[in-house]
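Keep in mind that this is a model prediction, so the values were computed, not measured.
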Amino acid sequence: MSSVPFTKVEGLGNDFVVVDLRPGKPAAEARDAVTAPSAVRSICDRHFGVGGDGVLAILPSEQGDARMRVLNADGSEAEMCGNGIRCVAKVLFEDNPDLRKDVLRIETGAGVLACAVDAKAAEVNTVAVEMGKPRLARAEIPMGGTAGELAVRTRMSLADKDFVFTAVSMGNPHAVIFVDDPAADLRAMAATFGPRIENAPLFPKRTNVEFARVRGQEIDLVVWERGCGITLACGTGACATAVAAYLEGRLPANQEVPVHLPGGTLFIRVDTAPQDRDTTADLAPRGVRMRGPARRVFNATLPLPVVR
């Protein structure tokens, strides 16, 4: 095969090259070539390749309608991507008449997630994803320390700077730092400290890093993504930040919270049982729901070989 068909899709500026590699699809025979780390780096290069924050590979699933692999721009693989799953749901719904249903079930490294599709005339506008129950124990993040302990308002010192963070896993690790100074530049902080925290020895699989500010009942957020750097939006990061805001007592649960990222706004709801805030034994929310847009940028083909 000389070329691979793909779709460029973005969710609030978090952009991906989506390739359907399921049996019977035109790109299926190029599966190994497209998903190799060197190929992913080449495809995501914004000067010599298509450009993107990652490659999303659509694969067959025995548990859901399809499976999603998330391949970061640096060639590493992530367990989950919130903006990415909305983009995959859009491509699956729009390009496959047999999958045009209200809810698509997509298998990820964080389990099978239900994606409720809001579409008009077979075009998807927004997708609401049931992101599942966040993991809070250190072993589940994963991070160092006592395996079963939570990391809420935990202190970290890196060279000349001290941070207080809350760790949350949405199937992938996050270290959420709330910045109370209204004059602080969240993006500058993410650019300066994000890479150092991402690679801190405390996180054996590295971590995504969130710099957030609560304003009333809303959140401003900039994310340093593991394997990508600063991106315009991060769905799992927005979910992890809303969970951390609840755990730290900054925002209540059971209501939709606007999370403003550089690329736009996601709407996150942290669901709990009524007694959760009154107990320490079962502090974890029951689930998290993310709602946001996905937009097709273009369809094209990628010449093979994809590795320079």
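Atom CG of Asn125 is separated from atom CG of Asp118 by 5.5 Å, given to the nearest 0.5 angstrom. Within the model, atoms CE of Met143 and CZ of Arg138 stand 4.0 Å from one another, a figure rounded to the nearest 0.5 Å. For the atom pair NZ (Lys90) and CZ (Arg296), the distance works out to 6.5 Å, reported to the nearest 0.5 Å. Asp271 contributes atom CG, which lies 11.5 Å from atom CD1 of Ile268 (distance to the nearest 0.5 angstrom). Distance check, rounded to the nearest 0.5 Å: SG of Cys115 to CZ of Arg105 gives 10.0 Å. Distance check, rounded to the nearest 0.5 Å: NZ of Lys133 to CZ of Arg286 gives 5.5 Å.
Checking side-chain atoms of Thr192 against main-chain N and O of Ala188 turns up a donor-acceptor pair under 3.5 Å. Distance alone, capped at 3.5 Å, is enough to place a donor-acceptor pair between the Thr108 side chain and the Gly111 backbone. Using a distance-only test at 3.5 Å, with no hydrogens or angles considered, no donor-acceptor pair links the side chain of Glu123 to the main chain of Lys120. A donor-acceptor pair under 3.5 Å is absent between the side-chain atoms of Asp74 and the main chain of Cys228, judged by distance alone. Side chain of Glu198 to main chain of Gly227: a donor-acceptor pair is present (N/O by atom type, distance under 3.5 Å, no hydrogens or angles). Within the 3.5 Å criterion, the main-chain N or O of Phe48 finds a donor-acceptor partner in the side chain of Asp45. Judged purely by atom type and a 3.5 angstrom limit, Glu107 has no side-chain atom pairing as donor or acceptor with the backbone of Met68.
Under the 4.5 Å side-chain heavy-atom criterion for Ile, Leu, Val, Met, Phe, Trp and Tyr, Phe193 and Val164 are members of distinct hydrophobic clusters. In this structure, Ile219 is not a member of the same hydrophobic cluster as Phe267, with clusters built from ILVMFWY side-chain heavy atoms closer than 4.5 Å. Val214 and Val270 end up in the same hydrophobic cluster when Ile, Leu, Val, Met, Phe, Trp and Tyr side chains are linked at under 4.5 Å. In this structure, Val17 is a member of the same hydrophobic cluster as Val297, with clusters built from ILVMFWY side-chain heavy atoms closer than 4.5 Å. In terms of hydrophobic clustering, with Ile, Leu, Val, Met, Phe, Trp and Tyr side chains grouped at heavy-atom distances under 4.5 Å, Leu92 and Val112 are assigned to different clusters.
Between Arg155 and Asp162 there is no salt bridge, since no side-chain nitrogen of the basic residue lies less than 4.0 Å from a carboxylate oxygen of the acidic one. Electrostatic pairing of Arg31 and Asp20 does not count as a salt bridge here, judged by no charged N lying under 4.0 Å from a carboxylate O. In summary, Asp181 and Arg213 do not engage in a salt bridge, as defined by a charged side-chain N under 4.0 Å from a carboxylate O. Salt-bridge check for Arg46 with Asp53: passed, with a basic side-chain N closer than 4.0 Å to an acidic carboxylate O.
Counting all heavy atoms, side chain and backbone alike, Phe16 lies closest to Cys87 at CD1-SG, 4.0 Å. The two residues Arg22 and Ala28 come nearest to each other via the heavy atoms O-CB, 3.3 Å. Between Ala212 and Leu221 the shortest heavy-atom distance is CB-CD1, 3.9 Å. Of all the heavy atoms in Asn14 and Leu232, the pair that sits closest is N-CB, 4.4 Å.
Leu56 has its side chain within reach of Val70: a pair of non-hydrogen atoms, C-beta onward, lies under 4.5 Å apart. Val9 has its side chain out of reach of Asp15: every pair of non-hydrogen atoms, C-beta onward, lies at least 4.5 Å apart. Residues Leu302 and Phe6 form a side-chain contact, since some pair of their non-hydrogen atoms from C-beta on lies under 4.5 Å apart. Using a 4.5 Å heavy-atom cutoff, the side chains of Arg135 and Val243 are not in contact. Proximity of Val288 to Met170: side-chain heavy atoms (C-beta onward) are separated by under 4.5 Å at one or more points. Contact of the Thr241 side chain with the Phe178 side chain is registered, since non-hydrogen atoms from C-beta on lie closer than 4.5 Å. Under the 4.5 Å side-chain criterion, counting only non-hydrogen atoms from C-beta, Asn254 is in contact with Thr272. With a 4.5 Å cut-off on side-chain heavy atoms, Thr154 and Thr166 do not count as touching.
With no hydrogens or angles considered, a side-chain donor-acceptor pair links His174 and Thr236 at under 3.5 Å. Side-chain contact annotation: Glu225 with Thr231, donor-acceptor N/O pair under 3.5 Å present.
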Would Lys205 and Arg226 satisfy side chain to side chain contact (heavy atoms under 4.5 Å, CB included), going step by step from the backbone distance to the final call?
-> CA-CA 9 Å; Lys205 293 187 177 181; Arg226 178 186 58 170; 4.2 Å; yes
Can Thr7 and Asn299 be said to form a side chain to side chain contact (heavy atoms under 4.5 Å, CB included), step by step?
-> CA-CA 4 Å; Thr7 304; Asn299 299 325; 3.1 Å; yes
Apply side chain to side chain contact (heavy atoms under 4.5 Å, CB included) to Glu256 and Arg289, showing your working.
-> CA-CA 9 Å; Glu256 199 170 62; Arg289 186 176 189 267; 4.1 Å; yes
Could you go through the side chain to side chain contact (heavy atoms under 4.5 Å, CB included) check for Lys25 and Asn96 one step at a time?
-> CA-CA 11 Å; Lys25 296 295 181 179; Asn96 300 272; 2.7 Å; yes
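For Asp185, the CG atom sits in a packed shell: over 12 heavy atoms of surrounding residues, nucleotides or ligands are nearer than 6.0 Å.
Using the six-membered ring where Trp is involved, Phe163 and Phe211 have ring planes that are perpendicular, over 60° apart on the 30 and 60° scheme.
Tested against Arg67 for a side chain to side chain contact (heavy atoms under 4.5 Å, CB included), the candidates Leu59, Leu21, Ile58, Ile106 yield a single pass: Leu59.
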